[in-house]
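Take a look at the structure below.
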Amino acid sequence: MSPAPERRLGVLLSHLLPFAPPPARHGRHDLRVGEAGTGLAASPCAGGGKGESSGGDYCVFCEIVKGNKPAYKLYEDDVCVCILDIKPLSTGHSLIIPKSHFPSLQATPPSVIAAICCKLPLLSKAIVKATQCDAFNVLVNNGKVAGQVIFHTHVHIIPRREGDNLWSSETYERDLIKNDQDTKDLVSCIKGLLFSPEDDSSEGSTIPKEL
């Protein structure tokens, strides 16, 4: 068998089955980007198309937000847009994209992440109903090693069906976490790095007691 095709939107490379068959199409949902009347209307984009990407200074999501590239738009507000993935893992595979350019999740302001997350119930409910799927994954590929291809923060909504075999890791038998000193040291290290005195995000938060 030939190796997996090129890296692409929505693929968490370490988890996707390399030889999985292409996703099934379902009648009227078999849509193609670029058909008449499907382009996004122009919207403000703080990135101005100059954000980081695999091409250096070009960001396809910024171009979509500005209306320079066509896409199937499902939803739009002042902060974000939701579009169909151009190379879906399943029918209805969608992306929620902030209108402003942020290259990674950690570079994205909490207010923008909150605005995206608060739309997940609304969007996922509509996508699940429209595709008649059994469930869905919410996924962020953050960083090249994690499978991020477009370096503009985005969240995937991936409809799932019984037996679709999208993620090979779902069949793995996982070991229980070890209750040893290494684990306790890791917990202490993460807690110590969570908040700095000048970090406003710590307001109202609490750190659990030691194990």
Side-chain angles (χ1 to χ4, degrees), residues 6-13 31 33-35 37-89 92-128 130 136-159 193-205:
E6 60 177 344
R7 290 169 68 245
R8 58 172 235 38
L9 273 173
V11 178
L12 185 61
L13 294 179
L31 304 176
V33 170
E35 293 177 351
T38 61
L40 282 176
S43 303
C45 177
K50 298 299 183 181
E52 293 181 36
S53 75
S54 56
D57 63 351
Y58 173 84
C59 176
V60 66
F61 287 167
C62 288
E63 294 300 302
I64 288 173
V65 167
K66 291 188 294 183
N68 295 336
K69 290 284 186 181
Y72 282 98
K73 182 172 66 178
L74 306 178
Y75 172 85
E76 180 173 17
D77 60 26
D78 292 340
V79 179
C80 62
V81 295
C82 181
I83 64 173
L84 290 179
D85 193 318
I86 193 173
K87 293 183 178 179
L89 290 174
H93 180 174
S94 305
L95 308 173
I96 309 176
I97 304 167
K99 288 183 173 180
S100 297
H101 182 93
F102 306 104
S104 64
L105 193 64
Q106 59 266 37
T108 308
S111 60
V112 174
I113 295 174
I116 291 172
C117 289
C118 76
K119 298 303 178 185
L120 280 170
L122 171 72
L123 293 168
S124 60
K125 182 177 180 179
I127 291 168
V128 165
F136 63 94
N137 288 114
V138 174
L139 176 67
V140 176
N141 297 334
N142 193 66
K144 184 177 180 180
V145 175
Q148 186 176 4
V149 178
I150 306 299
F151 288 86
H152 179 131
T153 296
H154 54 288
V155 176
H156 298 262
I157 301 175
I158 306 173
L193 294 170
L194 279 177
F195 304 122
S196 59
E198 64 275 7
D199 188 353
D200 293 337
S201 64
S202 63
E203 184 177 353
S205 301

Which heavy atom of Cys59 sits nearest to which heavy atom of His152, and what is that distance?
SG-ND1, 3.3 Å
Rounded distance [0.5 Å steps], CD in Gln148 versus CD1 in Ile150:
8.5 Å
Would a distance-only check, ignoring hydrogens and angles, find a side-chain to backbone donor-acceptor pair under 3.5 Å from Glu76 to Asp78?
no
At their closest point, which heavy atom of Val65 faces which heavy atom of Pro98, and how far apart are they?
CG2-O, 4.4 Å
Does any part of the side chain of Phe61, heavy atoms only, come nearer than 4.5 Å to the side chain of His101, both counted from C-beta?
no
Say you draw a straight line from CG of Leu89 to CD1 of Ile158; how long is it, rounded to the nearest 0.5 Å?
5.0 Å
Interatomic spacing from CG in Leu95 to SG in Cys82 - rounded to 0.5 Å
7.5 Å
Donor-acceptor check, side chain of His154 to backbone of Asn141, threshold 3.5 angstrom: yes or no?
no
Would you be so kind as to tabulate the donor-acceptor pairs closer than 3.5 Å made by side chains of residues 105-124, with sequence neighbours excluded?
unit_1, atom_1, unit_2, atom_2, d
Gln106, OE1, Asn142, ND2, 2.8
Thr108, OG1, Ser104, O, 2.7
Thr108, OG1, Thr153, OG1, 2.7
Lys119, NZ, Tyr75, OH, 3.3
Ser124, OG, Leu120, O, 2.6
Ser124, OG, Pro121, O, 3.3

Of Ile83, Leu84, Val81, which is the lone residue that meets side-chain contact (heavy atoms from CB on, under 4.5 Å) with Leu74?
Leu84
Please verify the inter-ring angle class for His93 with His156; under 30° counts as parallel, over 60° as perpendicular, anything in between as tilted.
tilted
